Structure formats: C-alpha cells, structure tokens
Amino acid sequence: MQLVEDILTPAELDAIEFVSSSETPRFDILVELSGLDPRRDFTYSDLRRLNLCGADLRGYNFTGSDLRLCARNDRTIIDDSTVLTDTQTDWIELEALPIVMKMQEVETASGSDRRLEVLNELIAEFGKSAHVVTYMVSAASKADSLDEFIDFAMFLPQTLSEGHARMLQTAATKLLKKRLSRSKSRTRRDTTIIFALEAIAARLQESNGTLAAKIFGYLAEIADTKNQSVQLGGTYNIEREDLERAFARIGQ
Amino acid sequence: MIDEIFKINSINSLNELSELRFDIEELDQDFGLNCRLRFGTTIYQHNDREYEVGVSRAFLRLNLEGCETTLDATFGESELKVVEEIQTSETETGIGLSGCGGVDGSGGLDGSAAAYGKAGAKTKKTRAQSRTLLPVVAKPNDSWEVRPHTVVGKADNSIEGTAIPSTRLCVLRRKRGGNRMSVIAEVQVSKRAIKVAASHGNRMGKTLSEWRSKDVIISQILKRAIQREAATANATKSTAVVAISRCEIAEE
C-alpha cells in the first residue's frame with residue numbers, strides 16, 4: 001500500500017513544512033519557499049480566491065488555470081512575462097493602502113467579520129512582521145470584548161515575546177470575566193455560562209496555526225488531565241477555570 | 001487454459017486513487033474483456049491540516065495490438081435518443097364589418113362600406129426528450145470517459161466508487177493475420193482533474209483567507225508528486241496527461 005506521504009521526496013516534505021509554518025501569506029514568497037517552479041507548476045490549476053496583493057507574478061505561467069475571485073492591488077506585479085493564456089480571471093481589485101491606514105481600518109471595523117477581513121488584507125500584504133505583530137498585540141490588549149480579542153488571536157503567531165504574552169494574558173483574563181458576567185446577568189443562571197464558554201472554545205478552534213488554536217490546544221490538555229471524556233464541544237463541559245487556566249498559559 | 005495464454009499485469013501505483021483490473025475470457029473465436037475500475041480518495045495530513053486527494057474526471061483508454069473490438073455490446077453506450085416532436089394546429093376565423101358615411105359641402109352623399117374576413121392557422125411544435133446521464137460513457141476509438149453527474153450538473157469533486165463493476169467492457173477479435181494479441185489499458189487523467197483540496201479550512205471565510213495561499217501551494221506540491229509518481233510507474237511522456245493506473249494483457 002502506497003500512501004501520498006510515501007511518494008513525497010524529503011525536499012517536498014521540507015517544503016510543505018516551510019510553507020505551513022511560514023508567517024507570510026504572500027503568495028510569491030510562499031512559492032519561493034516551496035521550491036515550485038512558477039513557469040511550470042501553476043498551469044491548469046484551481047487557483048481561485050487567492051490573495052495576490054503585493055505579489056510579484058512576473059514569469060508565472062497560469063495557462064488554463066482558474067484565477068477567478070483572486071485579489072490584487074497596485075503592488076501586484078503582472079507584466080508581459082506573466083502567461084495568462086486560457087486563464088479565467090475575474091480580479092477583485094483592492095486598494096493598496098499604507099500600513100498605518102490599514103491598521104486604522106482594523107480599528108474602525110464595524111464588526112467581527114469586517115475586522116477579520118481587514119486583518120486578512122493587512123497580513124496578506126505586509127506579513128506577520130514584528131511591526132504588525134506588535135500592533136496586533138497592542139490592539140488585542142485594548143479590545144473591548146473577548147470576541148474582539150479572539151479576532152486578533154486568530155492572526156497572532158503562536159510564538160510571542162514574554163512581554164507580549166503577559167499583555168495578552170492579562171487582557172484575555174479580564175475580558176473573559178467581563179464576558180461571563182454579562183452572560184450570567186442576562187438570565188441570572190449559571191448554566192448560561194456553559195453556552196458562553198462553549199462558544200468561546202468553538203471560536204478559538206477556528207484558525208489553525210495561530211495563537212487562538214494554541215489556546216484551544218491548552219484547553220484540550222487541561223481537559224485531558226481531568227480524566228474525562230475529552231471531546232471538547234461534545235459531552236465534556238468546559239468550565240470557567242479551564243479557560244482561565246488556558247489563557248494563563250499564553251506564551252508558554 | 002486462457003490463463004496460460006494471456007499474461008495480465010496490473011500497475012496501480014497510486015493504489016488509493018484508482019484500481020484497474022482486467023480479466024479475459026474465451027468466447028468461441030472472440031475474447032470477452034472484463035474490467036473492474038474503482039476510484040477512491042486519500043487524505044494527506046500535515047500537522048493539524050488535512051488535504052483530500054482524488055480525481056474528478058478520468059479516461060480509460062485501450063491500446064490494441066493484433067486485435068480489434070467487435071461490434072458487440074460495449075459498456076457505457078450512450079445511444080443518441082429519439083426526439084419526439086409533436087405538432088398541433090389551431091385555426092382561427094373572424095368576420096367583421098366596417099362602414100362610414102357623411103354629407104359633404106356640395107350636398108352629395110358619400111358613403112362606403114366594407115366587409116372583411118380573416119382566417120388564420122397557428123401551428124405549435126413541442127419537442128420532448130429524456131436523457132440518461134451515465135457516469136461512464138463509451139467514447140470513440142476504444143476509450144471511456146468516467147465523469148459522474150450530480151443532480152445539479154457535472155460533478156467537479158473527486159470520484160469515489162466503482163466506475164466499472166467487474167463486467168464486460170467489450171469483445172475483442174484477433175486481427176486477420178495477427179499472431180499475437182496485446183492490450184494496454186490506461187486510466188488517464190488530465191493535470192486539472194487531479195483534485196487536492198484542504199478538507200477543512202479556516203471557518204472565518206474562504207475568500208482571501210490567510211491559509212488559502214498556503215493550501216494552494218501545498219496542493220500543488222502534492223499534485224506534482226502524484227504526476228511524477230504516475231509518470232515513473234507508467235512511463236508516461238506527456239506532461240498534460242497522467243496515467244494513474246495501467247494494465248497490460250499480453251498473449252504469451
């Protein structure tokens with residue numbers, strides 16, 4: 001029996017690791033890390049919904065590929081050397097804003113969906129640079145609600161400096177307390193808190209490879225140690241202390 | 001014994017994706033070629049991310065030497081259907097009368113009257129046809145296309161299931177003057193038909209999501225590995241088409 005794993009060369013396995021652990025979502029940089037050949041490996045492919053903002057696509061051959069709903073902006077470089085023969089395109093044109101304006105857009109986002117969208121754009125264009133991470137830590141620490149904090153946690157890297165981790169721990173604990181007291185005040189019943197806790201855990205689980213996922217991992221470990229049936233969101237009920245402990249482990 | 005006359009060798013290098021097997025039986029002076037063709041999907045897992053690998057469309061092609069297919073029933077015949085045209089005729093008749101009269105300044109009387117008649121016929125044509133959409137369709141020159149349909153059209157997702165269920169594919173007859181029969185059957189897929197998709201992405205929205213670029217690049221690495229493996233195992237020279245399974249039947 002031959003599995004897909006068996007046909008991958010050591011170089012390809014390394015490339016997958018480089019790509020998945022990379023902090024940059026910039027398409028061209030990821031392609032460079034992957035060792036794929038832009039002149040050959042992107043023909044006749046489903047490449048829909050890619051964020052190509054800021055990507056240098058000179059020399060790419062997209063013959064026969066589907067590039068519909070891909071986003072590009074003024075910084076995306078496409079020239080005569082980019083082959084678009086029989087390529088389906090329906091670009092989403094995004095405005096290339098300076099980083100400060102993008103951050104302002106995050107601050108003024110009307111809700112969680114819009115915030116996630118702008119954070120996506122910010123990171124797609126500028127990557128998770130030290131500057132961007134510092135900004136996100138600061139914004140998460142000043143968040144008004146736990147949901148807003150989790151929005152940032154869904155983009156923050158898993159590895160953080162001690163100072164950043166401390167700031168986030170404090171903010172998360174405070175916001176959790178606020179969220180749970182608000183939930184209880186609605187019905188004056190403790191059971192309402194269970195639903196709130198489950199909703200928080202479900203959101204933390206949403207985004208792989210980020211701080212949010214790491215916190216969810218802590219939560220799973222805490223549940224494990226309780227020797228219970230550890231199907232989070234299943235039969236096991238998450239308790240307030242579990243989340244507090246998980247938040248306290250940020251940065252560990 | 002027929003088993004001693006023919007040597008059958010199946011090469012299913014990507015054994016989780018497809019399995020092609022043949023059997024040959026003697027029918028008076030001809031040979032029945034029985035086939036079983038199955039498709040499946042496989043999962044490649046990296047850290048906490050899963051990719052489903054499969055094919056969405058495939059062709060089974062026979063390369064015959066020293067023999068040819070007869071005009072007997074072939075698997076997957078999609079006969080052109082009779083279209084029924086129904087003609088109905090409606091006739092319409094009508095009689096009208098018009099007239100006008102007046103006195104002019106000269107004292108004369110002026111009058112006119114006319115009768116008209118109208119008769120017309122309307123013809124309506126309606127056509128009715130029902131079509132059976134087969135998942136495997138016999139194509140010209142000893143080939144078959146495997147492409148399941150769904151109620152909403154042609155399926156673009158991976159084929160999973162038995163396409164040809166151990167049944168007679170066609171009947172072969174030795175060519176006049178031919179002294180050695182050989183059949184090479186290949187399951188060929190185009191590069192575009194190899195499907196690699198992240199099983200569960202970020203739930204925050206697929207469009208422009210942070211992981212979309214990474215998923216696409218990892219998918220391309222897996223596709224490239226599959227193409228290489230198939231080309232090596234089946235000695236395929238074409239870069240656009242990959243043979244994922246092959247079976248050789250040769251007279252000893």
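So you know, we letter chains A, B, ... as the sequences are listed, proteins then strands, and number each from 1. In this text the structure is predicted, and so the values were computed from the model without any measurement.
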Fill in: Distance-minimising heavy-atom pair for A/L47 and B/R212
C-NH2, 4.0 Å

Worksheet entry | Stepwise side chain to side chain contact (heavy atoms under 4.5 Å, CB included) check, B/E229 with A/D6 | CA-CA 10 Å; B/E229 181 62 23; A/D6 303 330; over 6 Å; no

Worksheet entry | More than 12 heavy atoms from other groups under 6.0 Å of CZ on A/R39 | no

Practice prompt. Please state whether the side chain, the backbone, both or neither of A/T63 comes within less than 4.5 Å of a heavy atom of chain B.
Written response: neither

Response to the item:
Here the gap from B/I221 atom CD1 to A/L36 atom CG, rounded to the nearest 0.5 Å, amounts to 5.0 Å

Practice prompt. Go through the side-chain N and O atoms of B/Q220 and A/S45 and say whether any donor and acceptor fall under 3.5 Å apart.
Written response: yes

Practice prompt. Decide if atom CD of A/E32 counts as having more than 12 heavy atoms of other residues, nucleotides or ligands within a radius under 6.0 Å.
Written response: no

Fill in: Check: B/R192 side chain, A/D46 main-chain N or O, donor-acceptor pair, under 3.5 Å
no

Discussion item. If I take atom OG from residue B/S213 and atom CG from residue A/L30, how far apart are they, to the nearest 0.5 angstrom?
Written reply: 6.0 Å

Worksheet item: If you round to the nearest 0.5 Å, how far is CG of B/N47 from OG of A/S20?
Response: 5.5 Å

Worksheet entry | B/R224 versus A/D37, closest heavy-atom pair with distance | NH1-N, 4.5 Å

Practice prompt. Of all the heavy-atom pairs spanning B/A225 and A/E12, show the shortest one and how long it is.
Written response: CB-OE1, 3.8 Å

Worksheet item: Which atom names give the shortest non-hydrogen contact between A/V4 and B/E16, and what distance separates them?
Response: N-OE1, 4.2 Å

Discussion item. For a 4.5 angstrom cut-off between non-hydrogen side-chain atoms, does A/T9 reach B/R228?
Written reply: yes

Discussion item. Let me confirm one number: the CZ-NZ distance from A/F42 to B/K223, rounded to the nearest 0.5 Å.
Written reply: 10.0 Å

Practice prompt. Return yes when atom CD of A/E93 has more than 12 non-hydrogen atoms of other residues, nucleotides or ligands closer than 6.0 Å, and no otherwise.
Written response: yes

Discussion item. For the CZ atom on B/R36, are there more than 12 heavy atoms of other groups (residues, nucleotides or ligands in this structure) within a distance under 6.0 Å?
Written reply: yes

Fill in: Rounded distance (nearest 0.5 Å) linking atom CZ of A/F18 with atom CD1 of B/I217
14.0 Å

Worksheet item: Hey, mind stepping through B/L222 and A/I16 against side chain to side chain contact (heavy atoms under 4.5 Å, CB included) and telling me if it holds?
Response: CA-CA 9 Å; B/L222 298 176; A/I16 291 172; 4.1 Å; yes

Worksheet item: Among side-chain atoms of A/T43 and B/K191, is any donor-acceptor pair under 3.5 angstrom?
Response: yes

Discussion item. Looking at B/N141, I want to see if its CG is surrounded by more than 12 non-hydrogen atoms of other residues, nucleotides or ligands under 6.0 Å.
Written reply: no

Worksheet item: So which part of B/L17 gets closer than 4.5 Å to some heavy atom of chain A, the side chain, the backbone, both or neither?
Response: neither

